[in-house]
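Structure first, then comments.
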Amino acid sequence: MVDAEAASVRASRGALEDEEPIQAQQAEQVAPELPVVDPDDERWVALDEQDWREDGPFDVDEVDLDADEVDRLDFGALVMTPFDGMQLQLQVDEQTQQVQAALVMHGNSALEVAVFGAPSSSPMAGDIRREMVEVTQQQGGDVQLAEGPFGTEIRRVIPLQNEEGETMYHVSRTWFAQGPRWLLRGVLMGEAGMNEGVDGPTEVLLEFFRNIVVRRDDQPRVPGDLIPMEIPAELLAQQQAAQEQQAAQEQEAEQQ
């Protein structure tokens, strides 16, 4: 069963280096020491030129969603396939009711998913990588680059303070998959964010990310602009039913 909960609204700046999660993850008390990286190293540039989407994520024109009877969640811009034990939180704009990002949770791990506009042909990875390395360093954090399932994976450790003023660390891994005029971003957090491979806590979330289908609209968009999603009708109905049940229970309690 998929649970959709309204998350606190965060202003959408449309910036790809903005990777603040919908829900704060539990950070490690000790940050790992990461080596200094060069975002323009030829190794990462070479990875940018490869096609990493053979097994997904897919563009809507690359698949036939009516060819099977799989239950999917249609968010307009993204079509997602839920899995057993999955929980879902949505970041929703209160005024437009459009979904800015989705946080998929499984066990002690989470994957934040958002989609952005991109050029029709040239890769965006190099520019994004430079921006994220620069922003991380400005925040006093550490960044590491590694070859991941979608090319260059960005691993970040960013310091933050808890309510007691103690220094904690937000640890994440970021994937980017670029398709026809769209860029899908996935941010791993929790156990999966601290895991270096694709096994263990990352495996289920990797399969989920690969199964995403992107349905980009025809609107002209500046590369890096957020493409909003819509709340699926079935989730709206589920949420409304839960609210009505809660209201009925409160009314019954008042009458007793």
Side-chain angles (χ1 to χ4, degrees), residues 1-7 12 14 16 21-23 51-93 96-106 109-120 124 149-151 174-189 192 198 202-221 223-241:
M1 180 178 180
V2 180
D3 295 322
E5 301 177 12
S12 171
L16 287 168
I22 299 173
Q23 185 180 48
D51 181 11
W52 297 90
R53 291 198 307 108
E54 181 178 357
D55 297 321
F58 300 100
D59 187 80
V60 69
D61 291 334
E62 299 169 343
V63 297
D64 183 2
L65 293 175
D66 297 324
D68 56 44
E69 298 181 357
V70 175
D71 290 330
R72 297 182 175 91
L73 292 174
D74 192 338
F75 289 86
L78 296 182
V79 181
M80 305 180 189
T81 303
F83 55 86
D84 291 340
M86 166 180 155
Q87 290 187 319
L88 181 68
Q89 278 193 348
L90 304 178
Q91 180 186 345
V92 181
D93 185 294
T96 64
Q97 287 300 296
Q98 292 178 323
V99 180
Q100 298 174 330
L103 186 70
V104 177
M105 294 167 285
H106 182 253
S109 299
L111 174 69
E112 184 195 60
V113 177
V115 62
F116 304 85
S120 57
M124 292 181 62
F150 304 100
T174 302
W175 296 330
F176 290 105
Q178 186 169 342
R181 300 190 303 135
W182 54 260
L183 184 80
L184 185 66
R185 184 186 72 190
V187 184
L188 291 167
M189 296 171 281
V198 296
T202 309
E203 186 174 3
V204 173
L205 296 176
L206 172 60
E207 181 179 2
F208 172 85
F209 192 75
R210 287 194 186 280
N211 286 333
I212 292 176
V213 177
V214 181
R215 186 194 292 117
R216 191 205 188 284
D217 55 27
D218 294 327
Q219 295 186 22
R221 297 183 186 276
D225 277 359
L226 179 74
I227 300 177
M229 298 174 270
E230 300 173 355
I231 302 178
E234 55 265 42
L235 291 188
L236 283 174
Q238 177 182 327
Q239 187 178 44
Q240 182 178 357

Determine, step by step, whether Ile231 and Val92 satisfy the side chain to side chain contact (heavy atoms under 4.5 Å, CB included) criterion, reporting the C-alpha distance in whole Å, the side-chain angles of both residues, the deciding distance to 0.1 Å, and the verdict.
-> CA-CA 9 Å; Ile231 302 178; Val92 181; 4.0 Å; yes

Between Gln89 and Met105, is any pair of side-chain heavy atoms under 4.5 Å apart?
-> yes

Which residues share a side chain to side chain contact (heavy atoms under 4.5 Å, CB included) with Asp66, sequence neighbours left out = Asp64

Where do Leu111 and Phe208 land on the side chain to side chain contact (heavy atoms under 4.5 Å, CB included) test, with the steps shown first?
-> CA-CA 9 Å; Leu111 174 69; Phe208 172 85; 4.0 Å; yes

Taking side chain as C-beta onward, heavy atoms only, is Met229 less than 4.5 Å from Met80?
-> yes

Asp68 side, atom CG; Thr81 side, atom OG1 - distance, nearest 0.5 Å | 8.0 Å

Nearest-0.5 Å distance that lies between atom OG1 in Thr174 and atom CE in Met189 | 9.0 Å

Could you tell me whether Phe83 and His106 have their ring centroids closer than 6.0 angstrom?
-> yes

Worked check of side chain to side chain contact (heavy atoms under 4.5 Å, CB included) between Leu184 and Phe176 = CA-CA 6 Å; Leu184 185 66; Phe176 290 105; over 6 Å; no

Under the 3.5 angstrom rule, does the side chain of Gln178 hit a backbone N or O of Met124 as a donor-acceptor pair?
-> yes

Can you name the closest pair of heavy atoms from Arg72 and Pro82 and give their distance?
-> CA-CD, 4.1 Å

Going through the distances and angles, do Val113 and Arg185 end up as a side chain to side chain contact (heavy atoms under 4.5 Å, CB included)?
-> CA-CA 6 Å; Val113 177; Arg185 184 186 72 190; over 6 Å; no

Should Leu73 and Val79 count as side-chain neighbours, where that means a heavy-atom distance under 4.5 Å?
-> no

With sequence neighbours excluded, what pairs up with Arg216 under the side chain to side chain contact (heavy atoms under 4.5 Å, CB included) test?
-> Arg181, Trp182, Arg221, Ile227

Sub-4.5 Å side-chain heavy-atom contact between Leu206 and Phe150 | yes

Pair listing, side chain to side chain donor-acceptor pair (under 3.5 Å) test, anchored in residues 204-215, at least two apart | Asp74-Arg215

In terms of heavy-atom contacts, Phe209 and Ala177 come closest through CE2-CB, 4.2 Å

Of the non-hydrogen atoms in Ala77 and Pro228, which two are nearest, and what is the gap between them?
-> CB-O, 3.7 Å

Identify the two heavy atoms, one from Pro149 and one from Trp52, that lie closest to each other, and give their separation to 0.1 Å.
-> O-CE3, 3.6 Å

Does any N or O in the side chain of Asp93 come within less than 3.5 Å of the main-chain N or O of Thr96, such that one atom is a donor and the other an acceptor?
-> yes

Trp175 versus Leu205, closest heavy-atom pair with distance = CZ3-O, 4.4 Å

Check whether any side-chain heavy atom of Leu78 lies under 4.5 Å from a side-chain heavy atom of Val213, and answer yes or no.
-> no

